[in-house]
Amino acid sequence: METASHALPALELVDWFDAAARPLPWRAPGITGWGVLVSETMLQQTPVNRVRPIWEEWMQRWPRPSDLAAAPQAEVLRAWGKLGYPRRALRLHEAAGAIADQHGDVVPADVDTLLALPGVGTYTARAVTAFAYGKRAPVVDTNVRRVVARAVHGAGDAGPPSPKRDLADVDALLPEDDATAAKLSAALMELGQTVCTVRSPACDSCPVAADCAWQHAGRPAYDGPAKKVQKFAGTDRQVRGKLLDVLRGTDGPVPRAALDAVWSDAGQRDRCLDSLLVDGLIEQTDDGRFALPGEH
DNA sequence: CTCCTGTGCT
DNA sequence: AGCACGGGAG
C-alpha cells in the first residue's frame with residue numbers, strides 16, 4: 001500500500017506566487033530582517049488580518065531591534081495588544097536586546113544563530129532566512145505540511161507533525177538556487193493559506209492541480225488520527241487574558257480588588273495571577289498592588 | 001506530551 | 001453557544 005509520490009512544478013508555483021501573492025506589508029521590497037522577524041513572531045499563532053495593523057505600528061515605533069530593546073516591557077505588552085500569547089512579546093523584546101548587543105543591531109541570517117534567539121524555533125528561523133535574506137531553507141508550517149501531504153503524498157491532510165520528516169519532505173522540493181528556493185518556500189505557504197485550505201480547497205484555481213497526488217487519488221478524505229482541539233472558555237488562558245487586559249488598560253499599578261472583579265473563581269484567579277508573576281508578565285509592588293513589568 | 005490567547009466563523 | 005485555530009517552550 002505504497003502511496004504515489006508526485007514532484008511539484010517549482011517554477012509554475014513560483015510564477016503563480018509572483019502573480020497571486022497578497023501584497024502583505026512585510027513582503028514589500030526593502031523590508032529588513034527585523035521587519036520579517038517581527039511579522040513572523042506575530043504570525044506564529046495570530047491570523048494576518050489581526051497582525052497587519054499592529055505590525056505597522058511596531059515598525060513605525062521601533063524600526064530597529066535596539067529601538068524595541070530600549071522600550072519598557074510594559075509598553076511592549078501594551079503595544080502587543082490583543083494578539084494573544086503575550087509571552088511572545090516578551091521573548092521578542094529579549095531577542096531584540098540580543099540582536100542589538102551581539103549582532104550589531106542586524107537580525108542574523110543564519111538558521112543556527114537565529115535558533116539561539118528566544119522565541120525563535122524551527123519555523124521562524126527558517127522563515128527569516130528565506131523571506132528576509134532570500135536563502136534556501138525549508139520553511140514548514142501547518143499550511144505547508146498540508147500542501148505536501150496532499151500534493152506529494154496524496155493524503156487528505158497532514159497527520160501529526162514529524163519535524164525531521166516534514167523538513168526533509170520540503171527540502172526535497174526546493175531547487176538548489178537560493179532565490180528560487182526562497183520564493184518557492186513563500187509560494188508553498190501562500191498556496192496553503194489561500195488555495196489549498198483545510199475545509200474548502202480551491203482546486204479549480206490551483207496552479208499545481210495537474211500534478212497533485214491528492215487530485216489523482218480522487219481527493220480522499222483525511223483518515224489519520226483526529227487532531228485534538230484546544231478549549232479556551234474557562235481555561236487559565238482565558239483568565240490570564242482577562243487579568244492582563246485590566247493592566248493593559250490602566251497606567252500604573254492596580255489594587256487586587258480590580259483584578260478580583262474579572263473572574264469569580266478565586267482559586268483559579270490566584271493561580272493565574274501567580275503564573276503571570278512567574279512568567280514575568282506582571283509584577284507586584286511593595287504595597288501589594290499589581291502592574292505591568294517595569295512600570296512602577 | 002501540555003501549556004500558552006483571542007477571534008471569527010458557523 | 002460552540003468550535004477551530006497554531007509555533008515555541010518546558
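All values below were derived from every heavy atom in this structure, side-chain atoms included, with hydrogens, water molecules and symmetry-related copies excluded. Just so we're on the same page: letters track the sequence lines, and every chain starts at 1.
With hydrogens and angles ignored, the 3.5 Å screen pairs no side-chain donor or acceptor of Q73(A) with any backbone N or O of L90(A). Under the 3.5 Å distance criterion, the side-chain polar atoms of E12(A) are left unmatched by any main-chain donor or acceptor of V208(A). Looking at R126(A), its side chain never comes within 3.5 Å of a backbone N or O of V140(A) through a donor-acceptor pair.
One can place NZ of K242(A) at 10 Å from P of dT7(B), the figure rounded to the nearest angstrom. To the nearest angstrom, P of dG10(C) lies 16 Å from CZ of R88(A). In this structure, CD of Q230(A) is placed 15 Å from P of dG8(C), rounded to the nearest angstrom. Between the CG atom of L43(A) and the C1' atom of dG7(C) there is a distance of 11 Å, given to the nearest Å. Across the protein-nucleic acid pair, M189(A) atom CE and dG6(C) atom C1' stand 11 Å apart, rounded to whole Å. Rounded to whole Å, atom C1' of dG7(C) lies 9 Å from atom OH of Y85(A). Rounding to whole angstrom units, CD of residue Q44(A) and P of dG6(C) are separated by 13 Å. Distance CZ (R50(A)) to C1' (dG6(C)): 11 Å, rounded to an integer number of Å.
Within a 6.0 Å sphere centred on CG of D287(A), heavy atoms belonging to other residues, nucleotides or ligands number more than 12. Residue D18(A) qualifies as enclosed at atom CG: its count of foreign heavy atoms under 6.0 Å is above 12.
Of the candidates dT7(B), dT2(B), dC3(B), dC3(B) carries the atom nearest the R87(A) side chain, counting heavy atoms from C-beta on. Checking dG7(C), dC3(C), dC4(B) against every side-chain atom of K231(A), the shortest atom distance belongs to dC3(C). Out of dC5(C), dT5(B), dC4(B), the shortest distance to the side chain of R199(A) is found at dC5(C). Counting only heavy atoms from C-beta on, V198(A) has its side chain closest to dC5(C) among dG7(C), dC5(C), dT5(B). For T124(A), the listed nucleotide lying nearest its side chain is dG7(C); candidates were dG7(C), dC5(C), dC4(B). Comparing dT7(B), dC4(B), dA4(C) by their closest approach to the side chain of V229(A) singles out dA4(C).
Across all strands, N49(A) comes closer than 4.0 Å to no nucleic acid atom at all (heavy-atom distances). Across all strands, T122(A) comes closer than 4.0 Å only to sugar-phosphate atoms, never to a base (heavy-atom distances). As judged by a 4.0 angstrom heavy-atom cut-off over every strand, T41(A) is placed among residues making no nucleic acid contact. Across all strands shown, P86(A) has heavy atoms under 4.0 Å from sugar-phosphate atoms exclusively, and none from any base. Among the protein residues, D279(A) comes within range of no part of the nucleic acid, since none of its heavy atoms lies under 4.0 Å from any strand. Using a 4.0 Å heavy-atom distance criterion, Q238(A) is classed as making no nucleic acid contact. Across all strands shown, Y123(A) has heavy atoms under 4.0 Å from sugar-phosphate atoms exclusively, and none from any base.
Taking side-chain N and O atoms only, K228(A) has a distance below 4.0 Å to OP1 or OP2 of dT2(B). Within the 4.0 Å cut-off from OP1 or OP2 of dT2(B), not a single side-chain nitrogen or oxygen of R237(A) is found. At dG6(B), one or more side-chain N or O atoms of R248(A) fall inside 4.0 Å of OP1 or OP2 (strictly under the cut-off).
Salt-bridge annotation for R91(A) and E94(A): absent, with no side-chain N of the basic residue lying under 4.0 Å from a carboxylate O of the acidic one.
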For this session: Output, in order, the C-alpha distance, side-chain angles, deciding distance and verdict of salt bridge (charged side-chain N to carboxylate O under 4.0 Å, His left out) for R271(A) and D274(A).
Result: CA-CA 5 Å; R271(A) 179 172 74 238; D274(A) 199 58; over 6 Å; no

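If Q45(A) and L115(A) are placed on DNA chain C by their nearest nucleotide, the residue sitting closer to the 5' end is Q45(A).
The gap from the P atom of dT7(B) to that of dG8(C) amounts to 22 Å, rounded to the nearest Å. A distance of about 15 Å separates the P atoms of dG6(C) and dT10(B), rounded to the whole Å.
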